[in-house]
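Down below is the structure, laid out as structure tokens.
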Number of protein chains: 2
Amino acid sequence: MPKPRTHPRPTTQRAAKPLSGRASDPESSADTRARLIEAAGEEFAAHGFAEATVRGICERAGANIAAVNYYFRDKETLYLETLRHAHRYSLEHYPHDGGLKEDAPAEDKLRAFVRAFLAKMLDPNRPGWHGRLISREMTEPTPALTLLIEEGVRPQFAALCAIVRKLAPSLKADRIEAGAASVIGQALHYHHCNSLIKRLYSERVDGFPFDLDFLTDHITQFSLSAFEGLESKATSRRPGRTS
Amino acid sequence: MPKPRTHPRPTTQRAAKPLSGRASDPESSADTRARLIEAAGEEFAAHGFAEATVRGICERAGANIAAVNYYFRDKETLYLETLRHAHRYSLEHYPHDGGLKEDAPAEDKLRAFVRAFLAKMLDPNRPGWHGRLISREMTEPTPALTLLIEEGVRPQFAALCAIVRKLAPSLKADRIEAGAASVIGQALHYHHCNSLIKRLYSERVDGFPFDLDFLTDHITQFSLSAFEGLESKATSRRPGRTS
DNA sequence: CCGAAAGTCAAACATCCGTTTGAATCGGAC
DNA sequence: GTCCGATTCAAACGGATGTTTGACTTTCGG
């Protein structure tokens, strides 16, 4: 019987099956689907969508080659699902406000934002691939998926713009957005050019310049000073010389 | 006769041959090798190393599929050669100092640096792929080639650090390097997250926020204000509060 | 002219990839 | 125990890619 086998998609909720397919293999007791997503995340984050191979993902997950097409339809659906997972995870941990109160001073809010943003990418916990995956999607977006990302990025950007507006209320709208981009750009830089920076700073001591506290402090102070100066120049009628 | 044909590598200098291989084809009079590099640059910059296909490159160059393996050994050597070409081109145009005199004020030097850096990437001239290729190499470096890039990046970074040191002489070395990274990060941001930014700012008028003059002005002022503030805080004995 | 080298070309080769297939295996319900 | 659906498995399929091959064409020195 041919039976098209159009991606069975294990009914609806397959969480009810805590079972394994192999009795002898102890680690196979974990959910294959979850292991696949975890493995896919690392592979996709490390090599990108095109260069990551289904075989490599399955091998890392300890699953058969056909597992990807069984649990997900394609490699692309697996990628989408992995991205969704990363997005959800990133949203749960690392909230925009960093757990600050609404009426907190803008300076503290900026510091919390920067710290959360940095922590999101600079190897936060074990997984570590969530941030890399998302930022990779920023650099070279795959069709339509970026729309999902946008839903996470746009509110974050808006929140940052609100903070900036409080720090430098005299700035015009385009300057505020540019200022927000400057903050994000600084933070993102250490992620995008990670490998290059590591080589540039190679003569540094063991602690790379990737220390979360140091970077948070620097970027926050740098940006606060910048907004301070821009605001004072904007309020004075004629933007005088530096001195 | 089998004749291994180990990549003939057209003797040593093949510039002495101004000839074509096809008399009827007019555009084939141009150097096939040069056309290949040009086509490869656009393809590599647009799709990355892995996703760019030799067939696509040859088709764009109007050459046969075997041309890549004839003039270069592999796809990888072609990539390396293309990268070298981009590096050389980028070094000729867009000099570090932006054509400024040695004794120019640090503020002007910073502005010139930022402008040259931005212009290098933000679609400067017709080719346009040089900057994209190099920055792609920064994000996901291919082995060993980055060493060549470093030879172009490290002096540029050192030059920027020298400028920053003049702007804020009281800062410690690590803070100076972090400040330089902040400047570069801001500029690079508009290149890395190009597509994402375009969507974020989509409600903006026709002129995207990618205007060279606007960006140069913003990043320069932002950074100058930042260094100013950092310096004044560093000189005062106790780094007081923001106000 | 001739003959070797440089260059071009269509076709094929080898390899890898994503995906499909059909059988084997497992767990649990009856 | 027996059957059924869910799951795993090895093998193969079809396509795309980088590369090679061998013949053909052009060029130019002698």
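All values reported here derive from a predicted model rather than from experimental measurement. Quick note on labels: first sequence line is chain A, next is B, and so on, each numbered from 1.
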By nearest nucleotide on DNA chain D, pick out whichever of B/Val54 and A/Arg55 is the more 5' one. A/Arg55
Give the rounded distance in Å between these two atoms: [atom1] of [X] and [atom2] of [N].
X: B/Lys75; N: C/dT15; atom1: NZ; atom2: C1'; answer: 14 Å
X: B/Asn64; N: D/dT19; atom1: CG; atom2: C1'; answer: 12 Å
X: A/Phe49; N: C/dC17; atom1: CZ; atom2: P; answer: 14 Å
X: A/Glu59; N: D/dA10; atom1: CD; atom2: P; answer: 12 Å
X: A/Ile57; N: C/dT19; atom1: CD1; atom2: C1'; answer: 14 Å
X: A/Glu43; N: C/dC17; atom1: CD; atom2: P; answer: 11 Å
X: A/Tyr79; N: C/dC17; atom1: OH; atom2: P; answer: 19 Å
X: A/Asp31; N: D/dT8; atom1: CG; atom2: P; answer: 9 Å

Which part of the nucleic acid, if any, lies within reach of B/Ala52 when heavy atoms closer than 4.0 Å are counted: base, sugar-phosphate only, or nothing? sugar-phosphate
With respect to the side chain of [X], which nucleotide from [options] is positioned closest?
X: A/Tyr71; options: C/dT19, D/dT17, D/dT8; answer: D/dT8
X: A/Asp74; options: C/dT21, C/dT19, D/dT19; answer: C/dT19
X: B/Tyr70; options: C/dT20, C/dG18, C/dG7; answer: C/dG7
X: A/Ala66; options: D/dT20, D/dC9, D/dT19; answer: D/dC9
X: B/Thr32; options: C/dA10, C/dT8, D/dT19; answer: C/dT8
X: B/Asn69; options: D/dA10, C/dA10, D/dT19; answer: D/dT19

Whether A/Arg84 and A/Glu81 form a salt bridge (side-chain N of Lys/Arg under 4.0 Å from carboxylate O of Asp/Glu) is what I want to check. yes
Sidechain-backbone polar pair: [X] side chain, [Y] backbone, donor-acceptor under 3.5 Å:
X: B/Arg115; Y: B/Thr216; value: no
X: A/Lys75; Y: A/Asn69; value: no
X: A/Asn64; Y: A/Ala67; value: no

Relative to each other, are the rings of B/Tyr79 and B/Phe49 parallel, tilted or perpendicular (30° and 60° limits)? perpendicular
